[in-house]
Amino acid sequence: MPELADIEGMRRTLSTQLPGRLITEIEVLDAAILRNCDSVHFVRATIGLRFSEPARRGKWLLLPTDGPSLLVHCGMTGRAYAVDTPPVARPDDRLVIQLDKGQLRYADRRKLRGIWLATDADAVDDIIGPLGPDALGMTYRELTNVMQYSSRRLKVLLMDQRVIAGLGNTMTDEILWQARLNPERQASSLTVAERRRLLQTMQRSLRTAVQQGHIPRASDWLTGVRDEPDPGCPRCTTPLIHGRSHGRRTIWCPHCQG
DNA sequence: GAGGTTGTTTAGAA
DNA sequence: CTTCTAAACAACCT
């Protein structure tokens, strides 16, 4: 589920539901997702708070209130969403925040990350840690700054949240495929034209994904075929290469991305 | 049982 | 110093 576009989709939806809502009750179904406090402290600290406008930083979802903020990181399988009426219980339900109208829920199968409570802006920064500029709306100057002297490989650099915030494994493969750039290239080896192409492709594909509220799985995108057993390139049908960058699955077309 | 997965952090090697 | 690798976290799928 969660990369920039997915998180942005959650934020956009929650921004129509959450502002002004009052927390009346907390149901901690699995305390393991509370990362910097225990259930008792979390309940005591949050009941009576009123939500304001949700925000996003990279893959972090920020849920501010008139008091402390809830910081949500969905890991690989998390999802934060609001409902009017309680849905049928599911095994991956972790937290239910009862509101004066409806519920805010957090579901997460694997629990790789979770929810932090931040008392003020400094605590927010401490918990989130250093983040590069957000991939959505990144400028050419920012991209050049992080790339021109880096000897790291392209894909690994793009996925480093301290360098660029928001890109995950799936979108990074997609952007590099659309821009016809090999993920193993050294970042500093890109020409000005290639960097401009990378930036334009990144912004165009991210905007499309954000509009849909999730990463598209279109047949003319790499995302549409990457989970097939024997995928061919959607552009030229050449069998795609499966590799590994920084321990992560990496897929590219040996013809288009040489 | 083995091996894989949309994320991040850590230890240790090169 | 920088960069890379493997493993860990956890839970489910094939």
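If you're wondering where the values come from, they're calculated on a predicted model, not measured in any experiment.
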Item to complete: Answer yes or no: is there an ion pair linking A:D125 with A:R57, defined by an N-O contact shorter than 4.0 Å?
Response: yes
Practice prompt. State plainly whether the residues A:D108 and A:R79 are in salt-bridge range, i.e. N to O under 4.0 Å.
Written response: no
Practice prompt. Would you mind reading off the distance between A:L154 atom CG and C:dC4 atom C1', rounded to a whole angstrom?
Written response: 16 Å
Discussion item. Would you say A:S151 places a side-chain N or O within less than 4.0 Å of OP1 or OP2 belonging to C:dT3?
Written reply: yes
Item to complete: Remember a base hit wins even if backbone is also touched, and classify A:R217 as base, sugar-phosphate or nothing at under 4.0 Å, heavy atoms.
Response: nothing
Discussion item. Please determine whether a side-chain nitrogen of the Lys or Arg among A:D160 and A:R152 lies less than 4.0 Å from a carboxylate oxygen of the Asp or Glu.
Written reply: yes
Worksheet item: Which value, in whole Å, describes the distance between the P atoms of nucleotides C:dC1 and B:dT8?
Response: 25 Å
Practice prompt. Using the side chain to side chain donor-acceptor pair (under 3.5 Å) rule, take A:K155 and A:N169 through it: C-alpha gap first, then chi angles, then the decisive distance, then the call.
Written response: CA-CA 9 Å; A:K155 168 159 182 187; A:N169 200 39; 2.5 Å; yes
Worksheet item: Rounded to whole angstrom units, what separation is found between the CZ atom of A:R152 and the C1' atom of C:dC4?
Response: 9 Å
Worksheet item: Rounded to the nearest Å, what distance is computed from the NZ atom of residue A:K155 to the P atom of nucleotide C:dT3?
Response: 18 Å
Practice prompt. Would you kindly give the CD-to-P distance between A:Q186 and C:dT2, to the nearest whole Å?
Written response: 15 Å
Worksheet item: Does A:D30 come within less than 4.0 Å of A:R94, counting only side-chain N to carboxylate O?
Response: yes
Discussion item. Under 4.0 Å between a side-chain nitrogen and a carboxylate oxygen: does that hold for A:R180 and A:E194?
Written reply: no
Worksheet item: Hey, which of A:V40, A:T46, A:D38 is the one that makes side-chain contact (heavy atoms from CB on, under 4.5 Å) with A:F42?
Response: A:T46
Item to complete: Give the rounded distance in Å between these two atoms: CZ of A:R162 and P of B:dG7.
Response: 15 Å
Practice prompt. State whether the side chain of A:E25 and the backbone N or O of A:L99 hold a donor-acceptor pair below 3.5 Å, judged by distance alone.
Written response: no
Worksheet item: Of the nucleotides B:dG7, B:dG4, C:dC4, which one has an atom closest to the side chain of A:E3?
Response: B:dG7
Discussion item. What does the B/S/- profile of nucleotides 8-14 of chain B look like, 5' to 3', with a 4.0 Å heavy-atom cutoff to protein?
Written reply: BS-----
Worksheet item: Should the pair A:D92-A:R110 be classified as a salt bridge under the 4.0 Å nitrogen-to-oxygen rule?
Response: no
Worksheet item: When you check every protein heavy atom under 4.0 Å of nucleotides 9-14 of chain C, what one-letter string (B, S, -) results, 5' to 3'?
Response: BBBS--
